[in-house]
Amino acid sequence: MRDPAIRVILLPKDTNSRGTIFGGILLSHLDLAGAVEAAKNTNQRFVTVALKEVVFKHPVHVGEVVSFYTSTKRIGHTSITVIVDVEVVRGDGEVKVTEAEVTYVCVNAEGRPIPVVLKERR
Ligand SMILES: CC(C)(COP(=O)(O)OP(=O)(O)OC[C@H]1O[C@@H](n2cnc3c(N)ncnc32)[C@H](O)[C@@H]1OP(=O)(O)O)[C@@H](O)C(=O)NCCC(=O)NCCS
């Protein structure tokens, strides 16, 4: 069984005016989950530069178990790009509700991009 980067249960405070989960809440968790994946690659400090291709395929409901699965798509000169798949348990299986691509940039103490230094082992 796959291990997600993070898994959460969302609450009534996380809903929109229709009573389903607010997309901005999922974006926040997406960003954190992607950062967990990026941190598997490097010990450097990094910041989020872009959340791309975020697709909200299905609504998420209060109380559902929401899993954020991640994989590293690309390691560039200063950036690490991660795919995040968001799935909820429904019925006998998991349904993909959201997917996104998140890019992080390694930065120095002044916040300027620096080359990615990979961890020796993942
Ligand atoms: C991230 C930041 C340091 C990048 O600075 P920059 O001068 O634009 O950097 P560069 O143009 O040299 O690009 C750095 C890397 O980011 C990538 N990048 C820049 N813009 C990107 C975008 N829109 N989408 C994907 N990657 C992007 C570049 O391709 C490059 O990657 P590479 O070196 O692996 O090829 C700067 O934009 C910043 O500080 N942004 C705010 C970050 C932040 O505060 N995030 C928290 C949320 S607000």
Side-chain angles (χ1 to χ4, degrees):
M1 188 180 169
R2 295 175 298 160
D3 284 330
I6 58 174
R7 182 172 276 148
V8 297
I9 293 178
L10 298 170
L11 301 173
K13 69 177 176 58
D14 302 318
T15 55
N16 56 32
S17 57
R18 293 180 57 81
T20 58
I21 299 302
F22 176 52
I25 296 291
L26 291 178
L27 290 181
S28 171
H29 287 92
L30 269 171
D31 195 3
L32 290 172
V36 169
E37 176 70 21
K40 291 180 185 170
N41 294 291
T42 183
N43 289 322
Q44 289 166 291
R45 158 199 330 230
F46 52 78
V47 294
T48 310
V49 68
L51 280 121
K52 285 189 182 173
E53 303 291 339
V54 182
V55 183
F56 297 109
K57 294 170 172 285
H58 300 287
V60 177
H61 306 287
V62 169
E64 286 186 311
V65 176
V66 189
S67 300
F68 295 75
Y69 295 100
T70 56
S71 58
T72 298
K73 178 181 180 185
R74 191 179 85 92
I75 296 178
H77 179 55
T78 66
S79 68
I80 298 172
T81 298
V82 173
I83 300 294
V84 185
D85 288 327
V86 186
E87 301 187 5
V88 298
V89 178
R90 281 188 193 149
D92 291 335
E94 281 193 310
V95 175
K96 187 190 286 192
V97 291
T98 301
E99 62 189 19
E101 182 179 304
V102 194
T103 300
Y104 304 88
V105 177
C106 293
V107 293
N108 61 17
E110 288 72 47
R112 297 306 307 155
I114 54 172
V116 178
V117 177
L118 294 176
K119 285 184 181 178
E120 287 192 6
R121 305 182 69 186
R122 285 199 63 189

Smallest separation among heavy atoms of [X] and [Y], with atom names:
X     : Y      : answer
Val84 : Ala33  : CG1-CB, 4.4 Å
Glu64 : Val89  : OE2-O, 4.4 Å
Ala39 : Lys119 : O-NZ, 2.8 Å

Donor-acceptor check, side chain of Glu101 to backbone of Thr81, threshold 3.5 angstrom: yes or no?
no
Has the side chain of Asp31 got a donor or acceptor atom that lies under 3.5 Å from a matching backbone atom of Ser28?
no
Take Leu26 and Val54 through the side-chain contact (heavy atoms from CB on, under 4.5 Å) test and state the conclusion after the steps.
CA-CA 10 Å; Leu26 291 178; Val54 182; over 6 Å; no
Measure the [atom1]-[atom2] distance between [X] and [Y] for me, rounded to the nearest 0.5 Å.
X      : Y      : atom1 : atom2 : answer
Leu32  : Leu27  : CG    : CG    : 11.0 Å
Gln44  : Ile114 : CD    : CD1   : 4.5 Å
Thr20  : His61  : OG1   : NE2   : 7.0 Å
Ile80  : Glu37  : CD1   : CD    : 9.0 Å
Leu118 : Ile75  : CG    : CD1   : 4.5 Å
Thr70  : Ile83  : OG1   : CD1   : 10.5 Å

For the hydrophobic clusters of this structure (ILVMFWY residues joined by side-chain heavy atoms under 4.5 Å, transitively), does one cluster hold both [X] and [Y]?
X      : Y     : result
Val105 : Val36 : no
Val62  : Val97 : yes
Val107 : Leu51 : no

Are any non-hydrogen side-chain atoms of [X] and [Y] less than 4.5 angstrom apart?
X      : Y      : result
Asn41  : Val116 : no
Ile21  : Thr15  : yes
Ser79  : Val49  : no
Lys40  : Thr72  : no
Thr103 : Lys52  : no

Please say which of Glu94, Lys96, Glu99 ends up in a side chain to side chain donor-acceptor pair (under 3.5 Å) with Tyr69.
Glu94
Could you tell me whether the side chains of Glu87 and Ser67 share a donor-acceptor contact shorter than 3.5 Å?
no
Would you list the pairs meeting ring-ring contact (aromatic ring centres under 6.0 Å, His included) in which at least one residue belongs to residues 19-47, sequence neighbours left out?
His29-Phe68, Phe46-Tyr104
